[in-house]
Amino acid sequence: MAKTHFLKEGENNRHKIRQIKKPEKEEPIERSCFILARSTPRRPAMGSDDSGRGSIAFFGTYRPPVPLDIYSCPADPPPSSREDEQHLTDGVSYNQNGRSIPAAALKELLTFLGKKNPALAAECGATPDDAEKGRVTGLVFVSERDKGLETLHVALVRPKGEGGAVKVLSLGDVYGADTFGGSRMEDSGCIAGGFKVGARTVGHSLVYVSTKEPVTKRRTPWTVVYRTNLADGKTERLTPPGQYDVSPAVSPSGKMVAVANFRGNKWTGEIERLNTDIAIMNVDKAAQGGLRRRILIRDGGWPTWGSENVIFFHRGTGESPTNWAVFRYDIATKETVRVTPEAIDAMTPAAVSETRVAVATIRQKSRQAAMTTPREEAQYRHIEIFDVASPDRPVQISQKIRPKGDHYNPFVADGGSRIGYHRVRTDDLVIGNNLSAPTKSFDKMHSPHTDVGLFRVSGVFPTISKDGAKLAFVDNEFKAVWLADTQGLRVVYEKRGSNSVFSTAWNQNPNKDTLYVCVGPSFSAAKPLEIYAISNVSGPSAGRKVQRLTAGNFNNAFPSSNAQGDKFVFRSTRDGGKEKFHKNLYIMEDAEEGEFGQGTVTRLTNGPWTDTHCSWSPKGDWVVFSSTREMPASAPEMAFLDAGYFAVYLVKVSDPTVVVRVVQSSATLAGHVNHPIFSPDMRSIVFASDLAAVSNEPISMPVFLHSVRPYGDILSVDLRDTDDITKNKDIQEFHRITHSRYEYSTPTWTKFATDDPNEQWNMLAAKGSATFKPACPYMYPDGGEGWHMAGHLTIPKRCC
């Protein structure tokens with residue numbers, strides 16, 4: 001492919017772009033959100049890691065900015081005030097998806113702990129006798145306290161009469177890292193066993209989902225159900241090889257397990273409404289003569305047993321937006337009955353008995369597209385108990401205590417006298433100017449690679465300067481650019497309206513203090529999006545210079561400079577056809593002048609597809625990017641990000657005819673491999689992808705406008721040859737770096753490593769004036785939770 005300069009629409013001759021009038025002066029900045037001071041300035045803790053390969057930073061979507069935690073309320077009579085709500089954990093980290101541990105099972109766990117780890121047993125202060133006599137109760141739940149991993153823990157809860165203290169144990173500390181260790185996600189812990197087969201007593205075991213076993217097949221779930229014996233720690237896999245399950249539930253007798261099984265043993269890209277069937281099987285195949293697994297219910301998820309003969313489950317119906325309802329299935333008669341009314345959405349059931357079930361409900365669909373519109377009480381997710389005999393008279397559990405807050409995934413506690421759930425811990429909010437906002441932070445995460453650090457940024461499109469001293473990102477409103485360095489965290493650029501600021505990137509010349517930012521509506525290819533440079537960005541605001549670099553009212557994004565900082569590559573809709581659907585890569589030949597003055601643009605790729613998410617290699621000879629250039633003819637012409645068909649390619653800067661496909665999403669190319677970035681040593685490429693499919697039922701998470709995991713997790717590939725890049729075609733082996741229920745995306749990789757990113761990039765106040773009014777409240781003046789509490793991005797359905 002010959003290198004050509006940028007063409008104006010309707011022209012075919014190579015020529016220099018005409019000069020365009022510089023834009024008008026930017027409107028004054030209006031602050032959109034803030035945090036309160038948490039620390040004082042310090043010198044950087046980050047330095048070059050001689051033995052390591054630096055750190056990867058990324059952003060998490062749909063993860064609430066305020067921690068989730070687990071609570072319970074009385075069921076009969078229902079709660080009348082917030083004083084009836086009981087906190088069930090120690091309040092550390094994010095905690096969710098709890099299930100009660102029966103006294104006999106907790107006794108077995110504490111007995112094993114006393115033998116395996118006497119010191120820890122003495123420290124927790126709970127004995128098997130305490131469990132048997134009710135002086136301590138148990139809860140198994142998911143927590144993020146272990147370096148950000150979403151793994152199972154056990155809470156030992158003392159009743160109020162015993163002091164009410166809570167002690168949390170890691171299952172790895174109890175049963176060892178061989179079973180509960182390494183990179184993984186765990187979910188849906190529940191207790192099985194405690195029955196007899198003839199003269200033999202089958203002890204209790206923990207049944208749960210884990211992603212610890214790698215799956216080499218692309219776009220395939222890693223979710224497998226296991227059983228760990230509480231008395232001896234022995235673990236076996238219950239999900240047959242080649243199959244994948246989520247949402248296990250144990251029958252009241254402890255003999256059977258129901259799971260949501262991926263139909264056809266595969267995932268086909270569905271997000272909100274998974275294609276799952278409900279299968280049942282025995283708990284102990286040795287004692288019960290095999291698993292005897294069988295599909296019981298077609299098109300269902302989140303099973304829960306009302307009795308040995310009754311299973312409740314949820315099912316989505318209709319097209320987007322999906323309508324959700326809870327059903328009751330009678331195993332003996334094979335009869336399915338809808339339990340919840342058609343006028344509401346109901347999901348994630350928890351059976352109280354064979355006729356009563358607790359569910360999460362949304363009684364009125366909300367205007368999710370207009371996230372600045374406060375929700376009404378009926379538009380929040382609440383916990384209610386429905387009776388099959390009188391479904392029109394449910395018992396309301398959460399409405400009386402927090403009418404304008406979301407409550408998730410109920411479970412039965414204290415034998416049915418209480419109902420548990422999780423919600424955001426709004427009590428922890430920092431208050432300022434009579435409104436609330438969570439403290440921004442950087443979370444150091446568990447990394448599967450000992451020589452690569454990992455941390456999560458509370459902002460979109462994180463980018464780190466070449467010297468590692470500065471980190472910038474965009475807020476969830478796509479309105480403001482934040483900068484974090486030793487001077488603190490502050491807003492350095494902002495627009496008046498949301499969805500107005502896009503991708504950020506540092507100029508890679510360490511002598512330049514220049515940050516690139518895209519200004520205009522995000523993910524709207526038909527609308528203009530311009531690239532700006534902010535010079536002296538980390539200095540005083542009076543010395544900053546904001547300069548527009550692109551012209552022509554095209555959609556330009558994802559700038560990435562070469563090492564010298566005198567050029568940058570970007571993607572643009574110029575020459576993209578009448579509707580500007582097609583996007584290709586271009587090089588800005590003068591990174592300071594842009595397309596103004598004597599600046600020119602050189603075309604790098606050319607075709608009727610989407611080339612995007614480009615990044616210049618550290619050596620300067622290649623550009624890595626994501627593209628739909630080989631999507632099948634049957635794919636939709638307008639390739640939304642949610643539709644997929646992306647793969648990762650390399651194009652040679654000096655000879656753009658040399659293009660190498662490095663990573664494909666699947667054999668059909670239907671999927672996501674997006675936002676690729678070189679490692680600083682050019683040995684690896686990190687990217688966001690759905691190669692590991694989904695790891696839970698997304699409807700159990702905060703309400704979302706569009707796909708909760710269009711990218712999925714952070715993954716990487718190692719290049720076969722860094723000298724001859726052409727030898728890296730279609731690398732099959734990949735590394736899964738994160739295991740999460742959230743959407744992780746927009747990774748970046750710095751050559752520096754840090755033990756404490758919060759110390760490196762200081763969390764100082766971005767102070768506002770007395771008239772400061774945030775445009776993005778996390779809580780409304782009436783106490784209602786705002787959209788941001790669910791971790792939403794305030795953007796429309798995403799295209800690339």
Backbone of [Y] reached by a side-chain donor or acceptor of [X] within 3.5 Å:
{"X": "T605", "Y": "L585", "answer": "yes"}
{"X": "D690", "Y": "A693", "answer": "no"}
{"X": "T722", "Y": "M682", "answer": "no"}
{"X": "R741", "Y": "M701", "answer": "no"}
{"X": "T223", "Y": "P221", "answer": "no"}
{"X": "Q547", "Y": "K545", "answer": "no"}
{"X": "T610", "Y": "S627", "answer": "no"}
{"X": "S447", "Y": "G453", "answer": "no"}
{"X": "N728", "Y": "R720", "answer": "yes"}
{"X": "N584", "Y": "N606", "answer": "yes"}

Ring of [Y], cation from [X] - is the NZ or CZ under 6.0 Å from the centre and inside 45° of the axis?
{"X": "R456", "Y": "F59", "value": "no"}
{"X": "K583", "Y": "W609", "value": "no"}
{"X": "R63", "Y": "Y94", "value": "yes"}

>> Checking P214 now: which residues fulfil side chain to side chain contact (heavy atoms under 4.5 Å, CB included) with it, not counting sequence neighbours?
In response: W222

Between the side chains of [X] and [Y], does any donor sit under 3.5 Å from an acceptor?
{"X": "D146", "Y": "T151", "result": "no"}
{"X": "D718", "Y": "H735", "result": "yes"}
{"X": "R574", "Y": "N555", "result": "no"}
{"X": "N507", "Y": "T514", "result": "no"}
{"X": "E530", "Y": "T550", "result": "yes"}
{"X": "Y649", "Y": "E630", "result": "yes"}
{"X": "E589", "Y": "T602", "result": "yes"}
{"X": "R184", "Y": "T211", "result": "no"}

Do [X] and [Y] come close enough that some side-chain heavy atom pair is under 4.5 Å?
{"X": "Y742", "Y": "N696", "answer": "no"}
{"X": "I685", "Y": "L719", "answer": "yes"}
{"X": "F625", "Y": "R571", "answer": "no"}
{"X": "F502", "Y": "V517", "answer": "no"}
{"X": "W506", "Y": "V537", "answer": "yes"}
{"X": "F554", "Y": "Y586", "answer": "no"}
{"X": "L715", "Y": "I737", "answer": "no"}

> How many angstroms lie between CH2 in W622 and OG in S654, if you round to the nearest 0.5 Å?
Replying inline: 8.0 Å

> Between OG of S55 and CZ of F752, what distance do you get to the nearest 0.5 Å?
Replying inline: 10.5 Å

Can you establish whether the number of heavy atoms outside [X] located under 6.0 Å from its atom [atom1] is more than 12?
{"X": "K729", "atom1": "NZ", "value": "yes"}
{"X": "E270", "atom1": "CD", "value": "yes"}
{"X": "K266", "atom1": "NZ", "value": "no"}

State plainly whether the residues [X] and [Y] are in salt-bridge range, i.e. N to O under 4.0 Å.
{"X": "K619", "Y": "D621", "value": "no"}
{"X": "D721", "Y": "K727", "value": "yes"}
{"X": "D611", "Y": "R629", "value": "yes"}
{"X": "D681", "Y": "K751", "value": "no"}

>> Show, in sequence, the C-alpha distance, side-chain angles and deciding distance for Y493 and W482, and conclude whether the side chain to side chain contact (heavy atoms under 4.5 Å, CB included) test is met.
In response: CA-CA 7 Å; Y493 183 78; W482 291 77; over 6 Å; no

>> Would Q487 and S538 count as a side chain to side chain donor-acceptor pair (under 3.5 Å) here? Give the steps.
In response: CA-CA 9 Å; Q487 300 177 52; S538 64; 4.8 Å; no

> Nearest heavy-atom pair of S695 and R736: which atoms, and what distance?
Replying inline: OG-NH2, 3.2 Å

>> Give me the atom names and distance for the closest heavy-atom approach of L149 to G182.
In response: CD1-O, 3.6 Å

>> F58 vs Y744, test: ring pair (Phe, Tyr, Trp, His ring centres under 6.0 Å). Steps then yes/no.
In response: CA-CA 7 Å; F58 63 90; Y744 285 161; 4.6 Å; yes

> Going through the distances and angles, do K567 and D590 end up as a salt bridge (Lys or Arg N to Asp or Glu O under 4.0 Å)?
Replying inline: CA-CA 5 Å; K567 301 179 181 182; D590 189 327; over 6 Å; no

> Do F558 and F570 have ring centres separated by under 6.0 Å?
Replying inline: no

>> ring pair (Phe, Tyr, Trp, His ring centres under 6.0 Å), that's the test. Do F687 and H675 meet it? Break it down for me.
In response: CA-CA 5 Å; F687 50 87; H675 294 288; over 10 Å; no

